[in-house]
Amino acid sequence: MAKSGAIGLKTVFGGLFLTLKHLFASKKRRVMDSVKSDNYFTEQNRGTNTIQYPSQQLPVPEVGRYQLFVEMDDCIVCDLCAKICPVDCIDIEAIKATEAIGQTSDGTTKRLYAAKFDIDMAKCMYCGLCTVVCPTECITMTNQYDKSVQELDLLTYKFSEMDPALAEEKRRLFDEQQAEKQAAKLAAMKKKENGE
Ligand code: SF4
Ligand code: SF4
């Protein structure tokens with residue numbers, strides 16, 4: 001009985017000591033240290049528990065995983081990022097072009113339009129896989145993390161700026177080109193059959 005009482009007292013004083021420790025520590029102002037500092041992560045646990053956000057912001061690591069960004073000029077719409085995404089939060093709709101439509105900054109030829117390139121950041125689990133597989137390194141994690149919105153839909157970021165009417169036009173042009181190619185192929189086969 002005496003033993004369990006001693007354990008109880010020890011636990012109570014242990015808890016009280018911890019509470020007081022944090023109470024006095026919280027009176028100290030948090031130091032806004034550089035993320036490159038050796039003791040950055042230790043410092044985060046010292047001083048006040050909050051900062052005066054947004055006028056004060058804690059520095060974040062350059063290689064941190066935060067808001068995704070897609071540089072569409074460098075995107076070849078290969079769909080690899082969407083395929084690797086474990087939670088299917090990247091939605092891409094590609095349209096084949098009738099000819100090469102340009103080059104990315106690393107010299108890769110672009111042959112597809114992105115009629116749609118949406119990323120649902122509410123679903124994203126920030127694994128970074130999409131940034132690893134991208135052949136042109138155009139999808140990247142930025143250091144932006146403050147994306148508070150009032151509507152969930154607003155967390156779906158739309159990177160394609162293609163107008164639906166233009167997308168329809170591009171689809172029609174490609175279909176027409178394919179139909180012409182098919183007709184030419186059939187005509188050539190017919191000629192061959194007739195021995196011409
Ligand atoms: S970071 Fe991961 S979960 Fe988020 S979009 Fe990329 S692959 Fe998907
Ligand atoms: S992997 Fe890169 S190039 Fe391919 S669709 Fe995604 S962002 Fe575009």
Side-chain angles (χ1 to χ4, degrees), residues 33-37 40-41 43-45 50-51 53-54 56-179 181-182:
D33 208 356
S34 163
V35 73
K36 290 180 181 153
S37 146
Y40 177 78
F41 290 103
E43 285 298 328
Q44 301 315 302
N45 297 324
T50 58
I51 53 167
Y53 188 83
Q56 267 192 319
Q57 290 185 21
L58 291 175
V60 294
E62 283 166 24
V63 291
R65 295 178 190 168
Y66 302 100
Q67 180 65 51
L68 281 165
F69 175 74
V70 185
E71 178 54 67
M72 289 307 289
D73 287 346
D74 283 341
C75 176
I76 54 171
V77 203
C78 64
D79 209 36
L80 283 177
C81 53
K83 284 195 175 85
I84 197 92
C85 180
V87 292
D88 287 335
C89 68
I90 303 180
D91 189 5
I92 297 174
E93 194 184 324
I95 301 175
K96 286 181 182 165
T98 51
E99 56 189 0
I101 52 173
Q103 282 192 333
T104 61
S105 56
D106 69 358
T108 311
T109 304
K110 297 177 70 167
R111 297 181 189 280
L112 294 165
Y113 296 104
K116 184 181 190 184
F117 198 127
D118 295 356
I119 303 182
D120 185 348
M121 292 307 296
K123 277 193 200 164
C124 175
M125 60 180 205
Y126 300 90
C127 64
L129 286 174
C130 52
T131 65
V132 175
V133 295
C134 179
T136 60
E137 296 180 2
C138 68
I139 181 165
T140 48
M141 290 274 182
T142 66
N143 62 359
Q144 298 300 306
Y145 57 86
D146 182 3
K147 294 286 174 185
S148 313
V149 291
Q150 291 185 335
E151 300 286 334
L152 201 57
D153 285 356
L154 296 175
L155 283 175
T156 298
Y157 295 101
K158 298 178 185 298
F159 292 98
S160 169
E161 290 179 351
M162 193 172 223
D163 183 62
L166 183 62
E168 199 46 51
E169 171 72 2
K170 298 296 181 193
R171 271 189 213 100
R172 186 184 62 74
L173 287 173
F174 181 74
D175 289 347
E176 277 177 14
Q177 187 196 51
Q178 292 306 297
K181 278 188 182 169
Q182 185 65 15

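All ligand and atom numbering here is 1-based and tracks the order in the structure. Since we're looking at a predicted model, the values are computed, not measured.
Ion pair Glu176/Lys181 not flagged as a salt bridge, since none of the NZ, NE, NH1 or NH2 atoms sits closer than 4.0 Å to an Asp/Glu carboxylate oxygen.
Scanning all protein heavy atoms for the shortest distance to atom 8 (Fe) of ligand 2 gives Cys75 SG, 2.4 Å. Protein heavy atom nearest atom 2 (Fe) of ligand 2, with residue, atom name and distance: Cys134 SG, 2.3 Å. Among all non-hydrogen protein atoms, the one lying nearest atom 4 (Fe) of ligand 2 is Cys78 SG, 2.2 Å. Protein heavy atom nearest atom 7 (S) of ligand 2, with residue, atom name and distance: Cys138 SG, 3.5 Å. Distance from atom 3 (S) of ligand 2 to its nearest protein heavy atom, with residue and atom name: Ile76 N, 3.4 Å.
Within the 4.0 Å heavy-atom shell around ligand 1 one does not find Lys123.
Below 30°, between 30° and 60°, or above 60°: for Phe69 and Phe159 the angle between ring planes is above 60°, a perpendicular geometry.
The contact set between ligand 1 and Val87, taken as ligand atoms under 4.0 Å from a residue heavy atom, comprises 3 (S). Residue Thr136 has at least one heavy-atom neighbour below 4.0 Å for each of these atoms of ligand 2: 3 (S).
Residues Leu80 and Pro135 meet the side-chain proximity criterion, which asks for heavy atoms closer than 4.5 Å. With contacts defined as side-chain heavy-atom distances shorter than 4.5 Å, the pair Cys81/Phe117 qualifies.
For Thr136 and Asp74, the side-chain atoms include no donor-acceptor pair closer than 3.5 Å.
Tally of protein N, O or S atoms closer to atom 6 (Fe) of ligand 1 than 2.8 Å: 1.
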